[in-house]
Amino acid sequence: MKMNKKTTTVFASALLASSILSACSSPDKPGQAATGTDGAAAGKPIDVSIMTMYYTPEPPGPDNVVMKEIEKRTNTKLKITWVSPNNYADKINVTLASGDIPDLILLDNPFGAQVRSMVAQGAFWDLTPLLKDYPNLMQYPKESYENTKQADGKTYGIPRPRPTDGGGFPYLRKDWLDNLKLEVPKTTDELYNVMKAFVEKDPDGNGKADTIGYIGFVDQNGMSYLNQLQNSFTKTNGDWKLIDGKLVNVNVLPEVKDSLVWFSRAFKEKLIPEDVAVMKNTQAKDLLKANRGGAFQDSVEAAWEPTEELRKTNPKADFLPLVSLNGYSNKDSGFFGMFSIPKSVPEAKVKQLLKLMDYGASEEGSTLANYGLKDVHYTEKDGILTATEQAKKDIVAQQALGQIFLKYDKYLRAYRTGMPNDVLERNKKIIDEKAKISMGDPSVGLYSETSIKVGSELNKKIQDMKTKVIMGKEPISSWDDYVTKLKNDPDLVKITAEMNDAYQKRLSAKK
């Protein structure tokens, strides 16, 4: 595994791979000029309990060599409860309900009903006035903090940072475009023509009609791997769009109908998979790696995965991440959960915990947590970090301690292991271009009690009608009739009112 020291990529779900690290000043270490929980001198290590998730086959043990080194450098004694992401939500619920909450707890969903209720009851520290004293934590993007604020406009956790730009968006075969002498599409209409050419004009030159224009699919809950194409019509990242100062559910907008006309035509002309309603992510990736697909939706660095496989037999193979379609590019929320501190922790210790997390957000702390000790867990040559076998044995990885300690870099989604420098530099430029125009989800963090109760079932009904229209099982006129009913649906009307009420409260809290 090789890493360039300029940026860093993080593992989240099945999305991300290895990374490159950027420079950042190192803060004071926890324990320096401070006291522990019992008022002892700074020389006594501070006990710190943490609950988080891990993505390695096994979590690091209490005697993990890197964890011991972090303890040494920060004058702490770490007690980490590692939980599999498969049952993290259940563990969170049980832990919060028990009242026995660790010093730092990763709340993977900062806006769950239980978390909201506990915040309202004063169960967590308000970190708003404190964070400004921790320079590395303040390097996180403003969206990371804005989008994790609670209803009162205050910050009750340290965001687990993720890049705001470079997330899931269409990418397509640049070498096929070149073979057919086509330009990179900038609109959905141009993309449609490219998809059609990919299907009809033998872009790989094998003499067979075996290519698919766009490997996309839906599921019962939403547009799934076609959602960024729909967003390119609505020009917002999600189900809510801000129009004249009010949130409107995108499904009642004419732009969604336009997208369904586009999708249904693509399905009829076999430009997207025939099994669009049941395809899985692994099946889609297999088609890409088998030289069958012309386009897909994923993060910027993830486009390297099928490219690398195809280059084993075709050195010119190249999946190019698109900057935008119809002038739209998506901006992500900037976080994947947040670390909160229960009010049972004394204020003096709160500041020590913030110092610990600030160290983890420094270059030194982040490198140590993610890659371990130089010449033991990685070697470095010409700025490239290469992991050793010892790193695997000692469970040194971004998927473990890197889930707690991480510095921020806007190019987190630019690099994957094995990627050549020319692809990396191109990806960084693409991310820069996206950042100039990207649009986020205005509804992040807003709460609707009705949506919690019935939103999931309503979304399934909406998607069921969309899928039927896409596959030609219902005419587009059926969608028109459905939207008429949807506009008057009492649940959606109530959800819309509650979302707008929450939005206005958030605006008021910022003043």
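Heavy atoms only: backbone and side chains are in, while hydrogens, waters and symmetry mates are out.
- With salt bridges taken as basic N to acidic carboxylate O contacts below 4.0 Å, none links Glu433 and Lys429.
- Residue Lys289 qualifies as enclosed at atom NZ: its count of foreign heavy atoms under 6.0 Å is above 12.
- Using modelled atom types, no side-chain atom of Asp275 and backbone atom of Val278 make a donor-acceptor pair closer than 3.5 Å.
- Among all heavy-atom pairs drawn from Leu247 and Met499, the shortest one is CD1-O, 3.9 Å.
- Between Ile105 and Leu107, some side-chain heavy-atom pair lies under the 4.5 Å cut-off.
- Taking 4.5 Å as the limit, some side-chain heavy atom of Tyr140 sits within range of a side-chain heavy atom of Ile158.
- Glu301 has a carboxylate O that lies under 4.0 Å from a charged side-chain N of Arg416, or vice versa, which qualifies the two as a salt bridge.
- Defined by atom type and a distance below 3.5 Å, a donor-acceptor pair is missing between the side-chain atoms of Tyr503 and Glu498.
- Here Tyr156 and Phe124 keep their ring centres 6.0 angstrom or further from each other.
- Looking only at side-chain heavy atoms (C-beta outward), Thr81 and Ile50 stay at 4.5 Å or farther from each other.
- No side-chain heavy atom of Trp479 sits under 4.5 Å from any side-chain heavy atom of Ile470.
- Comment: Arg162 does not engage Asp332 in a salt bridge, judged by the lack of any side-chain N to carboxylate O separation of less than 4.0 angstrom.
- In summary, the side chains of Glu255 and Ser259 do not present any donor paired with an acceptor at a separation below 3.5 Å, with no hydrogens or angles considered.
- The number of heavy-atom neighbours closer than 6.0 Å to CD of Glu274, taken from other residues, nucleotides and ligands shown, is 12 or below.
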Walk me through it: do Leu287 and Met279 pass the test side-chain contact (heavy atoms from CB on, under 4.5 Å)? CA-CA 11 Å; Leu287 286 171; Met279 179 175 279; 3.7 Å; yes
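- Taking 4.5 Å as the limit, some side-chain heavy atom of Ile437 sits within range of a side-chain heavy atom of Ser324.
- Lys410 has a carboxylate O that lies under 4.0 Å from a charged side-chain N of Asp432, or vice versa, which qualifies the two as a salt bridge.
- For the pair Arg265 and Tyr192, the cation-pi test (distance below 6.0 Å, angle within 45°) is passed.
- In this structure, the side chains of Trp304 and Arg311 come closer than 4.5 Å at one or more pairs of heavy atoms.
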Taking it one step at a time, do Lys466 and Asn251 satisfy side chain to side chain donor-acceptor pair (under 3.5 Å)? CA-CA 10 Å; Lys466 285 182 179 179; Asn251 293 296; 2.7 Å; yes
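- Proximity of Tyr88 to Leu106: side-chain heavy atoms (C-beta onward) are separated by under 4.5 Å at one or more points.
- Under 4.0 Å is where a charged nitrogen must lie from a carboxylate oxygen, and between Glu200 and Lys196 at least one such pair does.
- Relative ring orientation between Tyr225 and Phe217 is described as parallel, the plane-to-plane angle staying below 30° on a 0-90° scale split at 30° and 60°.
- Note on Arg426 versus Asp422: no salt bridge recorded, every NZ/NE/NH1/NH2 to OD/OE distance being 4.0 Å or above.
- Among Lys91, Met338, Met53, the single residue meeting the side-chain contact (heavy atoms from CB on, under 4.5 Å) criterion with Asp108 is Met53.
- Judged purely by distance below 3.5 Å, without hydrogens or angles, the side chains of Ser117 and Gln121 pair a donor atom with an acceptor atom.
- Residues Tyr447 and Phe111 keep their aromatic ring centres 6.0 Å or farther apart.
- To the nearest 0.5 angstrom, Trp240 atom CH2 is 7.5 Å from Ser448 atom OG.
- Of the possible donor and acceptor atoms, one in the side chain of Asp202 sits under 3.5 Å from a partner among the backbone N and O of Asn206.
- For the residue pair Asp441 / Asn237, no side-chain donor-acceptor distance below 3.5 Å is found, with atom types taken as modelled.
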Quick one, Phe319 with Tyr171, criterion ring pair (Phe, Tyr, Trp, His ring centres under 6.0 Å). Give me CA distance, side-chain angles, the key distance, then yes/no. CA-CA 6 Å; Phe319 275 103; Tyr171 61 71; 5.2 Å; yes
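- At a cut-off of 3.5 Å, with distance as the only test, a side-chain donor of Lys331 or Ser438 sits close to an acceptor on the other residue.
- Under the 4.0 Å criterion applied to side-chain N and carboxylate O atoms, Lys468 and Asp464 are assigned as salt-bridge partners.
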Check the pair Lys407 / Gln139 against side-chain contact (heavy atoms from CB on, under 4.5 Å), numbers first and verdict last. CA-CA 8 Å; Lys407 68 183 298 299; Gln139 292 298 313; over 6 Å; no
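- No side-chain N or O of Lys241 forms a donor-acceptor pair with one of Thr236 less than 3.5 Å apart.
- Screening Phe296, Tyr214, Phe198 against Leu172 for a side-chain contact (heavy atoms from CB on, under 4.5 Å) leaves a single residue, Phe198.
- No side-chain donor-acceptor contact under 3.5 Å links Ser232 and Asn326.
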Could you give me the CA-CA distance, side-chain angles and deciding distance for Gln297 and Asn227, then say whether side chain to side chain donor-acceptor pair (under 3.5 Å) is met? CA-CA 9 Å; Gln297 171 188 307; Asn227 74 313; 2.7 Å; yes
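- Contact record, Arg413 with Val300: O-CB, 3.4 Å, taken as the closest heavy-atom pair.
- Classification of Lys428 and Glu425 as a salt-bridged pair holds, one side-chain N sitting under 4.0 Å from a carboxylate O.
- Between the side chain of Arg292 and the main chain of Asp210, a donor-acceptor pair closer than 3.5 Å is present.
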Go through the steps for Asn221 and Asn459 under the test side-chain contact (heavy atoms from CB on, under 4.5 Å), then give the verdict. CA-CA 6 Å; Asn221 299 305; Asn459 287 338; 5.9 Å; no
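- Counting only heavy atoms from C-beta outward, the side chains of Pro273 and Ile212 approach each other to under 4.5 Å.
- For the pair Lys494 and Asp489, the salt-bridge criterion is not met [side-chain N within less than 4.0 Å of a carboxylate O].
- Side chain to side chain, Asn147 and Ser333 fail the donor-acceptor criterion of an N or O pair below 3.5 Å.
- Only one option out of Asn179, Thr307, Thr211, Asn291 pairs with Arg173 in a side-chain hydrogen bond (donor to acceptor under 3.5 Å, both in side chains); it is Asn291.
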Are Gln504 and Ser508 close enough, and set up right, to give a side chain to side chain donor-acceptor pair (under 3.5 Å), and what steps lead you there? CA-CA 6 Å; Gln504 291 302 322; Ser508 298; 5.7 Å; no
